Amino acid sequence: MDEGLKSELQKAGIFTTTLSGLYNWGRKNSLWPLQFGLACCAIEMIATSMARYDLARFGAEVFRPSPRQADLMIVAGTVTKKMAPQVVRLYRQMPSPKYVIAMGACAISGGPFKQGYNVLKGIDRFIPVDVHIPGCPPRPEALLHSIMTLQRKITEDSLAKNREKEEQERLKSELPIPVHGAQDLEPAQNPKIWKAPAARKA
Amino acid sequence: MTPSPGRPTEAMPQFEMHATGVEGATEGTERMEVSMGPHHPSTHGVFRMDVELEGETITKLKPVFGYLHRNHEKIAESTSYLGSMPYTDRLDYFNSMTNNWAYALSVEKLAGIEVPERAEYIRVITAELTRLQNHVSLIGSWCRTWGP
Amino acid sequence: MENEKAILPEVQQIADAINAAVKNAGVTVSINPSPAEQHSLLLFPTKARECAQWLKAESPWQLDYLSNVSGNDWPEDAITKQTPKQPVKDAGEEPMHPCLEAVYHLYSIRQSLGPIIIRMRTENRSDKVELPSLTPIWRSAELQEREIFDLYGIHFEGHPDLRRLRMWDEFEDHPMRRDYVEPDDYDYEPTPHGDVLKKSLTQQEGTV
C-alpha cells in the first residue's frame with residue numbers, strides 16, 4: 001500500500017497493516033526466553049532482566065523454566081560436550097517458531113576455553129543460531145541490542161506458507177541428538193547446520 | 001572399569017551410602033525417584049541429582065558432576081602464570097576477584113615474592129566488595145525462587 | 001610469613017616419628033627446591049593406610065582435615081637422569097621411573113597446623129596403577145579420588161564408589177595425562193597461531 005495513502009488514513013484514525021505485519025508485531029514484542037544460564041554469562045543475563053537494564057520492556061519478562069512454553073533460547077555460558085545432548089534435546093522440545101541467541105564467546109566458538117577436551121567449540125555446531133553476541137561476558141546493553149536485532153529479523157519473517165519454510169521448521173524439531181562416544185561426541189558436528197569455514201593461508 | 005555402585009565394602013563398613021529407613025515418614029507415601037536434571041529452575045547452573053524421595057524427605061541422593069568442566073588445569077599447562085589468571089575469574093563467577101587473590105597468593109608462595117602493603121589493602125577491599133555482590137545475588141535468587 | 005614457618009613442624013621430624021611408630025613404613029622426605037619450601041613425605045603404597053591412620057588418630061599433630069587431593073603425572077621425558085655423583089639431597093621430588101602420583105594436603109584443625117603433604121606413587125603408568133584409597137580415614141577424599149581416577153587413571157583400592165566424575169561414563173581415556181591427544185575438532189581462527197592454524201587447515205571446507 002502506498003505510504004502517502006497510509007499516512008492519510010492514519011490521520012483519519014484508520015490504521016492499515018498486513019496480516020504478517022500484525023502477526024510478527026505480536027510475536028516480536030512478547031518473546032519468552034527459556035531460563036538457560038549455564039555459566040558466567042548467566043549473571044549478565046540476570047542483570048539484564050533486573051531494574052537497571054530492563055528486559056521486561058521488550059516483552060521478555062517471563063523467563064520460563066520449561067522449554068515447552070518458551071520460544072527463545074539464550075545459550076549463556078560454556079556448553080560442554082557432556083551438556084550438549086541436553087541442549088539439543090531442549091531445543092527440540094521447544095515449539096516452533098523458535099529462535100536461539102548465542103551469548104558470549106563460549107557459546108559462539110568455545111571462547112577462552114577453546115583448548116578444551118570437554119568444551120564444545122560453539123553451540124552452532126548442532127543447532128541453528130540466529131544472533132551471536134560477542135564478549136566475555138557481553139555487557140547487558142549488548143544483550144538488549146541483540147534482542148532488538150532479533151526483533152528486526154522477526155519483522156522480516158513472511159507468514160505466507162511455502163514448502164521450503166515448512167520443511168525448515170520440521171527439520172528443526174528433528175535435529176539428531178549427539179551421543180557420548182569414546183573420545184568425543186558422535187557426530188562431532190551436524191553437517192547440515194555447520195560447515196567448517198575455509199582457512200586462509202596466513 | 002565397570003562402575004561400582006555405592007555400598008559398604010570390607011575396607012570401610014562404617015560408611016553407609018544409603019539411608020535404610022526414615023523416621024517420621026508418613027504412612028502411605030511411596031518412594032519416588034526423581035532425576036533433577038542439569039536444566040532445572042532451582043539448581044542455579046548445571047548440576048544433576050538423582051534423588052529418591054519419600055514424601056518430602058530425601059532418602060538417597062546421587063550427584064552427577066561434570067557439566068561445566070572446562071579443564072582450566074590442562075590449559076594452564078600450556079600458558080604462563082599470568083596467562084591463566086583470567087581463567088580463575090570464571091571458576092566461581094559470583095565472586096570472581098576472590099579467586100584471583102587465591103591464585104595470586106599461590107604464585108607468590110611458589111616464587112617467593114613479597115607484596116607491598118598497599119596491595120594487600122586493595123586486595124581486601126576488592127574481596128569484600130565481591131563478597132557483598134555475591135550475597136546480594138544470593139538474596140535476589142532466593143526472592144526469585146521462593147517468591148511469586 | 002614468619003609465623004607460618006613457626007607453626008609448621010619439621011618435616012623430617014614427622015618422617016622419623018612415622019618410621020618409629022609404624023613398622024616397615026619407609027617414609028622419606030622429598031625436598032621441594034622452590035622458594036616455597038613445602039617439603040613432602042613419600043609413603044609406600046603398602047603401608048600408606050596405616051601411616052595415615054596413625055597420623056590422624058595417634059600422632060601428636062592430630063591431622064584430621066584433608067583439604068586437597070591432587071594427581072600428578074611423571075612421563076618418561078619429565079624425569080632427568082640422576083647420576084651416582086649427584087648427592088641425594090639435590091634429588092628433589094622427581095621419581096626414579098615413570099609413574100603416576102597422588103598428593104594429599106593435610107591440616108590439623110585442633111592445633112591449627114598445616115599443610116603437611118603426603119605423596120604416593122604407582123609402579124608404572126601403564127598397567128600397575130593401583131593405590132590404596134584413603135577414603136576410610138578422611139571422608140573428604142571420596143570425590144577427589146574419583147576425580148583423579150577420571151583424569152589420571154589411578155585405581156584406588158577400597159574406594160566405595162569409584163566411577164568417573166568429570167567426564168561422561170562412556171569416555172575412554174584419561175585426559176590429564178601428559179600424552180593425551182585431544183580430539184580433532186578445531187575450526188579456523190583468524191589469529192595466526194602456529195599449531196592451531198596447522199590443525200585447522202585439515203578441517204577446510206570440503207575436506208571434512
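Just so you know, these numbers come straight off a predicted model, no measurement behind them.
L53(B) is linked by a side-chain contact (heavy atoms from CB on, under 4.5 Å) to M32(B), V34(B), V51(B), I58(B), counting only residues two or more places apart in sequence or in another chain. In this structure L19(A) satisfies the side-chain contact (heavy atoms from CB on, under 4.5 Å) test together with L159(A), sequence neighbours excluded. Residues meeting the side-chain contact (heavy atoms from CB on, under 4.5 Å) test with V115(B), sequence neighbours left out: E108(B), A119(B), E120(B), R123(B).
Of the residues considered (C136(A), C106(A), G77(A), P67(A)), C136(A) shows the highest number of contacts with chain B, using heavy-atom pairs under 4.5 Å. Among P112(A), A47(A), G37(A), A84(A), the residue with the largest count of heavy-atom pairs under 4.5 Å with chain B is P112(A).
If you measure heavy-atom distances from A42(A) to chain B, you find no contacts under 4.5 Å at all. With a threshold of 4.5 angstrom between heavy atoms, I46(A) does not approach chain B through any atom at all. Proximity to chain B (any heavy atom under 4.5 Å) is restricted, for I43(A), to the side chain, taken from C-beta onward.
The environment of CG in L82(B) is sparse: at most 12 heavy-atom neighbours from other residues, nucleotides or ligands sit within 6.0 Å. Within 6.0 Å of CE in M85(B) there are more than 12 heavy atoms belonging to other residues, nucleotides or ligands.
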Table up the donor-acceptor pairs between chain B and chain A that sit under 3.5 Å, atom names plus distance.
{"residue": "H39(B)", "atom": "NE2", "partner": "Q35(A)", "partner atom": "O", "Å": "2.9"}
{"residue": "F65(B)", "atom": "O", "partner": "K82(A)", "partner atom": "NZ", "Å": "2.6"}
{"residue": "Y67(B)", "atom": "O", "partner": "T80(A)", "partner atom": "OG1", "Å": "2.6"}
{"residue": "H69(B)", "atom": "O", "partner": "N118(A)", "partner atom": "ND2", "Å": "3.1"}
{"residue": "H69(B)", "atom": "NE2", "partner": "Y117(A)", "partner atom": "OH", "Å": "3.1"}
{"residue": "R70(B)", "atom": "NH1", "partner": "T78(A)", "partner atom": "OG1", "Å": "3.0"}
{"residue": "S78(B)", "atom": "OG", "partner": "Q115(A)", "partner atom": "NE2", "Å": "3.2"}
{"residue": "Y87(B)", "atom": "OH", "partner": "P112(A)", "partner atom": "O", "Å": "2.8"}
{"residue": "R90(B)", "atom": "NH2", "partner": "C136(A)", "partner atom": "O", "Å": "3.0"}

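Atom CG of L68(B) sits about 7.5 Å away from atom SG of C40(A), to the nearest 0.5 Å.
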